[in-house]
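Read through the structure below, which is laid out as structure tokens, and then see the notes.
Computed from heavy atoms alone, side chains included, the values below leave out hydrogens, waters and symmetry copies. Within every chain, numbering begins at 1; the chains are lettered A, B, ... in the order of the sequence lines, protein sequences first and strands thereafter. What you see is a predicted model, and the numbers here were worked out from it, not measured in a lab.
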Number of protein chains: 2
Amino acid sequence: MTGRTTGRRGSGKPTIADVAALAGVSVSAVSKVVNGRGGISAPTRQRVLDAAAKLRWSPSATAVALRGARTRALGMVAGRSSDVLATDPHFTLLISGIESELAPADYGLLLHIVGEEPGAEERAYRRLAEERRVDGVILTESRIGDGRFELLRSLRLPAVLVGAPWQPDPVVSVQAGGQDAGIRAAVDHLVTLGHRRIAYVSGPEDRVHTVFRRRVFETALAERGLRPGRVLVSEFTAQSAVAAVRELLADAPDRRPTAVLFANDTMAVAGMNAARRLGFEVPRDLSVIGYDDLPLGELVYPQLTTVHQDLIQLGRAAVAAMFRQLDADRDEESPTPVPDPEVNPPELVIRESTGPAREG
Amino acid sequence: MTGRTTGRRGSGKPTIADVAALAGVSVSAVSKVVNGRGGISAPTRQRVLDAAAKLRWSPSATAVALRGARTRALGMVAGRSSDVLATDPHFTLLISGIESELAPADYGLLLHIVGEEPGAEERAYRRLAEERRVDGVILTESRIGDGRFELLRSLRLPAVLVGAPWQPDPVVSVQAGGQDAGIRAAVDHLVTLGHRRIAYVSGPEDRVHTVFRRRVFETALAERGLRPGRVLVSEFTAQSAVAAVRELLADAPDRRPTAVLFANDTMAVAGMNAARRLGFEVPRDLSVIGYDDLPLGELVYPQLTTVHQDLIQLGRAAVAAMFRQLDADRDEESPTPVPDPEVNPPELVIRESTGPAREG
DNA sequence: GTGAAAGCGCTAACAG
DNA sequence: CTGTTAGCGCTTTCAC
């Protein structure tokens, strides 16, 4: 425990000094070799590499980070209850995408799942920033009045938002082009099938994408010359979706909707089954469309017609944007082009939960 | 960029020196205050706290870690494709549990999602260890011949396994008591309903829990005096489960199973719908039981009868075990009691996908 | 009760 | 080409 001389391989882990000693060179030589900076002869280089391999040594991430370089970690805070998280793989998918881009760069992802209590999320970001644990953070699900961009700026912590900010904001964000294409296609699909009374079950109204999608829905309806459809606001939970469907189907036959769009797949599946419990066949009596295109949609019966959104690609794009930002920050002077990452627009996937309207 | 004098608040973040300067004390005084070590007068203490608050300063995690203390981060490597990850919230749930225990301790979780290519997982652990990014790692899904425990030991990286090791091993592990209770109850339930031909669709055979559960299934059947049921091995994917059901239901009516147990809920749901597509009603023609009790099970129609497993609690227990291990390592001399964490045994949740056998 | 100084493992100037 | 050295931000003896 006490008195561990540098270079001694006691209980501790090998350090750069151990490697240098074993290779018979100085520490700076080792440093130069591992960082690929030139000025080292081939034989020396080889000796260093061998020594490092024998000792199973890699530079300590902590020491490198302290030295002023990067942390080689990105942070992400998920402000959701574990229940919602488990039902809705939105985050999981995004994280998969993020990781796939992070791994080759030897970056890690520091995840924080905090509850939905207000303030918890902010505290998490704050700690991430103050403790300098990460080089930057990736944000999702921006909300109306979202204070996170401001917060992160004041914390000087680079951020990339997946999605659109709630109001024009200099925050770097990634987003698929043609965001409204999915819902438009969904409405078109239903109209073509003869549906005239189409309802929309939206997510919590404090979400930016929720409001956006709802607006697209309303616009699309109007453009088709249809009267405004009913719009119900629901939580992202199954119970809430079930309640919404109950309400929708309680109307008189000539007034109730013949098709429903849901804000996400989980709600759509829950809603679909709620309808069935009420004696409505899907799609015979009611057509249902989801959003996200989760694997879940293919599992259920009938398979879900839904709007596909490439969350994995979005996650990758977010990381790419972050790296560009980090590089730009470092080089400061050279204003990197920062091309918008290519993300495919949302797209309608027609499966079994939509069919012709029963009565015009 | 150049020549940033200590104590200057330029573009950089405040350091302990800035706080000390602002409070008019020495850096060590600040350190003592933030670490709650005594020897500081109340007024001085207050001045330090005020200064830290004003500067929004917290100790840099990196510096603290380098100083020899802990990293305050745990690692986890998920060796699965993003697709499986998205369908099966197993990991998500576990991570939620882990986080809920980590957060109050101000610990972070460094996540690595690597593909299923062999070696990728090992490399990830290796890097985590060599770069000293985490204090320890949490493992799941131990496999037959799992080399990770050995690897981690040689890396001197503390580890906690969720589940049982494939062979007696000193690795610290957490697990619910009465592991076999769930499947036994499931078999009992089916037998009581009059089922005599019960099949089992197992997961990949290289998983320890897969083999264990299958054995429990076989034993339970034997104890009830039933002939061995058919056992099919499937991947953890929907397609694979669908194929298994096809095979099972292709048999002659007097030979085909009237009930099927699946290794997890996702497979069960996929199987249930495959059966329906083949013209079999669930539970009228076929009873189905899953495993895990994911939220998904309540979403679908009919709702899934399944074996509940408290993954969240398991995640929490794993972290608790890790902390005890870390404390023990530190104190070295004091062999902490290390009581087994309390995790509820798996339990059968009866819903709608099981019913009386149609023919004895 | 408080401060000065030595490192933790590494990188980057600067010498040789 | 290679070695010496000064910190990065913090904690921790050890003096005062």
Side-chain angles (χ1 to χ4, degrees), chain A residues 1-21 23-48 52 55 57-72 130-133 330, chain B residues 1-21 23-48 52 55 57-72 130-133 330:
Chain A
M1 281 278 104
T2 57
R4 182 172 151 270
T5 320
T6 308
R8 279 265 129 277
R9 289 191 62 219
S11 58
K13 309 296 180 130
T15 78
I16 194 173
D18 299 305
V19 178
V25 300
S26 75
V27 291
S28 61
V30 178
S31 174
K32 274 173 190 149
V33 169
V34 298
N35 292 311
R37 236 167 319 99
I40 300 289
S41 68
T44 307
R45 200 184 122 74
Q46 196 51 53
R47 282 220 311 289
V48 168
L55 260 29
W57 173 88
S58 313
S60 145
T62 324
V64 172
L66 179 58
R67 191 56 194 64
R70 300 179 180 178
T71 314
R72 296 197 93 74
E130 289 178 356
E131 300 181 353
R132 307 252 143 298
R133 278 170 103 80
R330 165 177 286 198
Chain B
M1 280 278 102
T2 56
R4 182 173 151 269
T5 320
T6 308
R8 279 266 129 277
R9 289 190 61 217
S11 58
K13 307 297 176 135
T15 77
I16 194 172
D18 299 306
V19 177
V25 298
S26 75
V27 291
S28 58
V30 177
S31 174
K32 274 172 191 151
V33 169
V34 298
N35 292 309
R37 237 168 318 93
I40 300 290
S41 68
T44 307
R45 200 183 122 74
Q46 196 50 53
R47 282 221 311 290
V48 169
L55 259 31
W57 173 87
S58 311
S60 144
T62 324
V64 172
L66 179 58
R67 192 56 193 69
R70 301 180 179 175
T71 313
R72 295 197 94 75
E130 288 178 356
E131 299 180 355
R132 308 251 144 302
R133 277 171 105 82
R330 163 176 287 198

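Spacing between atom CG of A/Leu66 and atom C1' of C/dC10 amounts to 8 Å, rounded to whole angstrom units. Between the P atom of C/dC10 and the CZ atom of B/Arg132 lies a distance of 10 Å, rounded to the nearest Å. Between A/Ile16 atom CD1 and D/dT2 atom P there is a gap of 15 Å when expressed in whole angstrom units. Look at CD on A/Glu131: it is 11 Å from P on D/dC10, rounded to the nearest Å. One atom, CG of A/Asn35, and another, C1' of C/dG9, lie 13 Å apart when rounded to the nearest Å. Distance, B/Arg67 CZ to C/dC10 C1': 15 Å, rounded to whole Å. Separating the CD1 atom of B/Ile40 from the P atom of C/dT2 is a distance of 5 Å, rounded to the nearest angstrom. The interatomic distance linking B/Asp18 (CG) with D/dC10 (C1') rounds to 13 Å, in whole Å.
Interatomic distance, B/Ser60 OG to A/Arg133 CZ, rounded to the nearest 0.5 Å: 9.5 Å. Rounded to the nearest 0.5 Å, atoms OG (A/Ser31) and CD1 (A/Ile40) are 9.0 Å apart. Taking NZ of A/Lys32 as the start and CZ of A/Arg45 as the end, the distance is 14.0 Å to the nearest 0.5 Å.
Proximity note for B/Ser28 (side chain, C-beta onward) versus D/dC10, C/dA13, C/dA5: the nearest is C/dA5. In this structure, of C/dC10, D/dG3, D/dG9, it is C/dC10 that holds the atom nearest to the side chain of A/Val64. Closest to the side chain of A/Lys32, from the set C/dT11, D/dG3, C/dC8, is D/dG3.
Contacts of B/Ser31 with the nucleic acid, taken as non-hydrogen atoms under 4.0 Å apart, include base atoms. Note on B/Thr44: only backbone sugar-phosphate atoms sit closer than 4.0 angstrom, heavy atoms only; bases stay farther off.
At D/dT12, one or more side-chain N or O atoms of B/Arg37 fall inside 4.0 Å of OP1 or OP2 (strictly under the cut-off). Checking the phosphate oxygens (OP1, OP2) of D/dT2, a side-chain nitrogen or oxygen of A/Ser41 falls inside 4.0 Å. Contact check, B/Ser26 against C/dG3: a side-chain N or O comes under 4.0 Å of OP1 or OP2.
For the pairing with A/Val30, the side-chain contact (heavy atoms from CB on, under 4.5 Å) check across A/Asn35, A/Val25, A/Asp18 returns one residue only, A/Val25.
When the nearest nucleotides of DNA chain C are assigned to A/Pro59 and B/Gly24 by heavy-atom distance, the more 5′-ward of the two goes with B/Gly24.
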Worksheet item: For A/Glu131 and B/Arg72, what are the C-alpha separation, side-chain angles and deciding distance, and is it a side-chain contact (heavy atoms from CB on, under 4.5 Å)?
Response: CA-CA 11 Å; A/Glu131 300 181 353; B/Arg72 295 197 94 75; 5.9 Å; no
